[in-house]
Peer 1: 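What follows is a single structure, and I will ask about it in a moment.
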Amino acid sequence: MISKHVLKQSQPGADFKTHAWIYALEAVVVFLGVSVSLWSEDWAADREKASMHKLDVEQMLVELQKDSAGLSNALWYAETGIQNINRVLDVAEDFHRGDLEYDVYVDSLASIGILFLNQTHEIEDFTYNSLLTGVRMYQFPSDLAKDVRTYYENGGKMFGEQNPEVDRKTLRFISEVHPLLSFRYTQMYERGRPATAIADTRFFFNQPEVKEKYSSLDFVLEVQSLKMTVLSYRGALRYTQKRSGMLREKLRAHAIQQGHVKP
């Protein structure tokens, strides 16, 4: 200690001011030592936070890119499904108007095949959920943090509600409304055929209960109902795809501003 060292050297008559100066100097040294130590710890903590935030932004950008690919894939199936549904509605309209014979009508249905494959989409939110488990969300500017929350929470809620409905309606359509599809797959897998023969298909369609089903307006109404479901789902996919692109742009701009990536 400074005071012990100096006082040891002092004469018995050292005055009070000298002692006070020595203790004050020692206090300053201790204060500076503690301050430097705390500053060093804060600096290290800030560097760690900045490094973690950089990693969070990078991971979120990667996940959003994967999201975009998944959305594009699901949109392709939705668009193709709507095209197939419209084809079915066109031939059904011609049949009910009397412009098509039943055999020609059902041959058209067989050639169209699967109307819509329920390729539903789920947002990848691993990074977002990890941000919520700690305080790392606060590293984002408030407006960007709000956009991140809106994208993941609204997207999760929207697809969480729509996916089960799309799956349920699609599977019901294949098994009950348009049973040819189930029949074709049964023939393919049980009998080892690459595709159902025309004779088998004609036999299927000419069974009385099947003919009644496909000749009724209820079949048309079910197809229209499926179309409304797919249209709604396509709208959700398009909206999410747009929001995903906007969020990627904002995250990239933030990363550039922070010096995480080059402009």
Peer 1: Could you grab the distance from atom CD of Gln119 to atom CG of Leu237, nearest 0.5 Å is fine?
Peer 2: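 It comes to 11.5 Å.
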Peer 1: Should Glu58 and Lys54 count as an ion pair when the cut-off is N to O under 4.0 Å?
Peer 2: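 Yes, this pair counts.
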Peer 1: Indicate yes or no: does Arg97 engage Asp94 in a salt bridge with an N to O separation below 4.0 Å.
Peer 2: yes
Peer 1: Considering all heavy atoms of both residues, which atom of Leu100 and which atom of Val104 are nearest to each other, and what is their separation?
Peer 2: CD2-CG1, 3.8 Å
Peer 1: Using the rule that two of Ile, Leu, Val, Met, Phe, Trp, Tyr join whenever any of their side-chain heavy atoms come within less than 4.5 Å, decide whether Leu89 and Leu221 are in one cluster.
Peer 2: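 Each belongs to a different hydrophobic cluster.
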Peer 1: Could you walk me through whether Phe140 and Val57 satisfy the side-chain contact (heavy atoms from CB on, under 4.5 Å) test, starting with their C-alpha distance in whole Å, then the side-chain angles of each, then the deciding distance to 0.1 Å, before giving a yes or no?
Peer 2: CA-CA 9 Å; Phe140 290 86; Val57 172; 3.9 Å; yes
Peer 1: Hey, what do you get for OG1 (Thr150) to CE (Met246), rounding to the nearest 0.5 Å?
Peer 2: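 If we round to the nearest 0.5 Å, Thr150:OG1 and Met246:CE are 10.5 Å apart.
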Peer 1: Quick check: closest heavy atoms across Ser108 and Val91, and the distance to 0.1 Å?
Peer 2: CB-CG1, 4.0 Å
Peer 1: Go through Leu144 and Leu247 one step at a time and tell me if the side-chain contact (heavy atoms from CB on, under 4.5 Å) criterion holds.
Peer 2: CA-CA 8 Å; Leu144 182 55; Leu247 184 56; 4.2 Å; yes
Peer 1: Mind checking whether His178 and Val223 have side chains closer than 4.5 Å, heavy atoms only?
Peer 2: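 The answer is no; the side chains never approach within 4.5 Å.
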Peer 1: Evaluate Glu79 against Arg238 for side-chain contact (heavy atoms from CB on, under 4.5 Å), listing each step before the verdict.
Peer 2: CA-CA 11 Å; Glu79 296 285 4; Arg238 285 179 172 177; 2.7 Å; yes
Peer 1: Less than 4.0 angstrom from a charged side-chain N to a carboxylate O is my criterion; do Asp107 and Arg202 meet it?
Peer 2: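 Here Asp107 pairs with Arg202 in a salt bridge, since their nearest N and O are under 4.0 Å apart.
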Peer 1: Does some side-chain heavy atom of Asn206 sit less than 4.5 Å from a side-chain heavy atom of Tyr102?
Peer 2: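 Yes; the side chains approach each other to less than 4.5 Å.
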Peer 1: Are more than 12 heavy atoms from other residues, nucleotides or ligands located less than 6.0 Å from atom CD of Glu101?
Peer 2: no
Peer 1: If you draw a 6.0 Å radius around CD in Gln224, do more than 12 non-hydrogen atoms from other residues or ligands fall strictly inside?
Peer 2: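 Above 12, so yes.
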Peer 1: Dump the intermediate steps for side-chain contact (heavy atoms from CB on, under 4.5 Å) on Ser225 and Lys169, then the final yes or no.
Peer 2: CA-CA 9 Å; Ser225 177; Lys169 180 160 283 190; 2.7 Å; yes
Peer 1: Rounded to the nearest 0.5 Å, how far does CG of Asp143 lie from NZ of Lys250?
Peer 2: 7.0 Å
Peer 1: Does some side-chain heavy atom of Asn154 sit less than 4.5 Å from a side-chain heavy atom of Arg149?
Peer 2: no
Peer 1: Do Val166 and Leu171 land in one hydrophobic cluster if side-chain heavy atoms of ILVMFWY residues count as linked below 4.5 Å?
Peer 2: no
Peer 1: Start with the C-alpha gap between Asn118 and Tyr233, add the side-chain angles, then the distance that decides, and say whether side chain to side chain donor-acceptor pair (under 3.5 Å) holds.
Peer 2: CA-CA 10 Å; Asn118 51 324; Tyr233 197 69; over 6 Å; no
Peer 1: Indicate the atoms forming the closest heavy-atom contact of Ala78 with Val230, along with that distance.
Peer 2: O-CG1, 3.7 Å
Peer 1: Between Glu222 and Lys227, is there a salt bridge with N-O shorter than 4.0 Å?
Peer 2: no
Peer 1: Do other residues, nucleotides or ligands put more than 12 heavy atoms under 6.0 Å from the CD atom of Glu176?
Peer 2: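 Yes, because the 6.0 Å sphere around CD of Glu176 holds more than 12 heavy atoms from other groups.
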Peer 1: Would you give the length of the straight line joining atom CD1 of Ile85 to atom CD of Gln83, rounded to the nearest 0.5 angstrom?
Peer 2: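 If we round to the nearest 0.5 Å, Ile85:CD1 and Gln83:CD are 10.5 Å apart.
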Peer 1: Could you check Gln241 against Ser72 for side chain to side chain donor-acceptor pair (under 3.5 Å), going step by step and ending with a plain yes or no?
Peer 2: CA-CA 8 Å; Gln241 188 178 55; Ser72 296; 3.1 Å; yes
Peer 1: Is the shortest side-chain heavy-atom distance between Asp56 and Gln139 below 4.5 Å?
Peer 2: no
Peer 1: How far apart are the closest heavy atoms of Glu124 and Asp67, and which atoms are they?
Peer 2: N-OD1, 3.2 Å
Peer 1: Would you please classify the geometry between the Tyr152 ring and the Tyr128 ring as parallel, tilted or perpendicular, with 30° and 60° separating the classes?
Peer 2: parallel
Peer 1: Check whether any side-chain heavy atom of Phe219 sits under 4.5 Å from a side-chain heavy atom of Leu109, and report yes or no.
Peer 2: yes
Peer 1: With the side chain counted from C-beta on, respond yes when Glu63 and Ile123 share a heavy-atom pair under 4.5 Å apart, and no when they do not.
Peer 2: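 Glu63 does not reach Ile123 side chain to side chain.
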Peer 1: Taking the side chain as every heavy atom from C-beta outward, state whether Asn84 and Ile114 have any pair of such atoms under 4.5 Å apart.
Peer 2: no
Peer 1: Is the terminal nitrogen or CZ of Lys211 (NZ for Lys, CZ for Arg) located under 6.0 angstrom from the six-membered ring centre of Phe205 and within 45° of that ring's axis?
Peer 2: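 No; the conditions do not both hold, so Lys211 does not lie above the ring face of Phe205.
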Peer 1: For a quick test of reading the model, state the closest non-hydrogen atom pair linking Ala236 to Gln162 and the distance between them.
Peer 2: CB-NE2, 3.7 Å
Peer 1: Take Arg252 and Glu249, measure what salt bridge (Lys or Arg N to Asp or Glu O under 4.0 Å) needs, and give me the verdict at the end.
Peer 2: CA-CA 5 Å; Arg252 180 168 175 76; Glu249 289 178 5; over 6 Å; no
Peer 1: Does the side chain of Thr170 reach to within under 4.5 Å of the side chain of Thr229, using non-hydrogen atoms?
Peer 2: no
Peer 1: Could you state whether Val62 and Met52 fall into the same hydrophobic cluster, counting links through intermediate Ile, Leu, Val, Met, Phe, Trp or Tyr residues with side-chain heavy atoms under 4.5 angstrom apart?
Peer 2: no
Peer 1: Tell me the closest heavy-atom pair linking Arg248 and Leu61, and the distance in Å.
Peer 2: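 So the two residues come closest at O-CD2, 3.7 Å.
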Peer 1: Phe95 vs Tyr105 aromatic rings, parallel, tilted or perpendicular, using cut-offs 30° and 60°?
Peer 2: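 It falls in the parallel class, under 30°.
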Peer 1: Output yes when a side-chain donor or acceptor of Ser216 lies under 3.5 Å from a complementary backbone atom of Lys213, and no otherwise.
Peer 2: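 Yes.
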Peer 1: Please round to the nearest 0.5 Å and tell me the distance separating atom CG of Asp125 and atom CE of Met60.
Peer 2: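 Output value for this atom pair is 9.5 Å.
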Peer 1: Hey, what do you get for CZ (Phe159) to CG (Leu71), rounding to the nearest 0.5 Å?
Peer 2: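 Answer rounded to 0.5 Å: 5.5 Å.
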Peer 1: Kindly say whether Leu64 contributes a backbone atom to a donor-acceptor pair with the side chain of Ser68 at under 3.5 angstrom?
Peer 2: no
